[in-house]
Amino acid sequence: LGMGMRPKTACDIASCEVASFLKVSNTMIEPIHFTVPRKSEMFQDDIFPDTAGPEPAMTSAQWFGGANADPKLVNLETGFVPKPKGAEFKPTV
């Protein structure tokens, strides 16, 4: 039925996984992993450059105002750890 790419921060860095997809069929969701074969168990900085993190680079008001900013990058070498969520989003009706 479809396929979606997971973010780079969801990849298994220790096994040199460079991309991960989720394939959706009628009866199941199947993960598909792309790994680079490497003999070394050290961090591979040539295949894991800094990547876009989950934190936005600007607010929506800034973006609608015409501003532009580069994404905030995270280093995957130290292991990506998401920040604890602050207050829960509660939309007003």
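Values below: every heavy atom of this structure, side chains too, minus hydrogens, waters and symmetry copies.
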Any pair counted as ring-ring contact (aromatic ring centres under 6.0 Å, His included), so long as it reaches residues 4-39, sequence neighbours left out | Phe21-Phe34
Passes side chain to side chain contact (heavy atoms under 4.5 Å, CB included), Lys8 versus Val18? Steps please.
-> CA-CA 7 Å; Lys8 189 79 159 184; Val18 294; 4.1 Å; yes
Which atom names give the shortest non-hydrogen contact between Ala19 and Met5, and what distance separates them?
-> CB-CE, 4.2 Å
Taking the side chain as C-beta and beyond, is there a heavy-atom pair between Met3 and Ile32 under 4.5 Å?
-> yes
Can you name the closest pair of heavy atoms from Lys72 and Pro56 and give their distance?
-> CE-O, 3.6 Å
How far apart are the C-alpha atoms of Ser25 and Leu1, what are their side-chain angles, what is the distance that settles it, and do they pass the side chain to side chain contact (heavy atoms under 4.5 Å, CB included) test?
-> CA-CA 5 Å; Ser25 67; Leu1 293 174; 5.8 Å; no
For Thr35, what residues pass the side chain to side chain donor-acceptor pair (under 3.5 Å) criterion, not counting sequence neighbours?
-> none
Are the side chain of Lys23 and the backbone N or O of Gly2 linked by a donor-acceptor pair below 3.5 Å?
-> no
Are Met58 and Phe64 connected in a single hydrophobic cluster, I mean Ile/Leu/Val/Met/Phe/Trp/Tyr linked by side-chain heavy atoms less than 4.5 Å apart?
-> yes
Could you pull out all residues at least two apart from Asp46 that satisfy side chain to side chain contact (heavy atoms under 4.5 Å, CB included)?
-> Arg38, Gln44
Of all heavy-atom pairs between Asp12 and Glu17, which one has the smallest distance, and what is that distance?
-> N-OE1, 2.6 Å
All heavy atoms of Glu77 vs all of Asn75, minimum pair found to be N-OD1, 2.7 Å
Verdict with supporting geometry, Asp50 and Val74, side chain to side chain contact (heavy atoms under 4.5 Å, CB included) | CA-CA 6 Å; Asp50 290 350; Val74 293; over 6 Å; no
Is it the case that more than 12 heavy atoms not belonging to Ile29 sit under 6.0 Å from its CD1 atom?
-> no
Over all atoms of both residues, closest heavy-atom pair of Pro71 and Ala57 | CA-CB, 4.1 Å
With a 4.5 Å heavy-atom cut-off, do Thr51 and Leu76 have their side chains touching?
-> yes
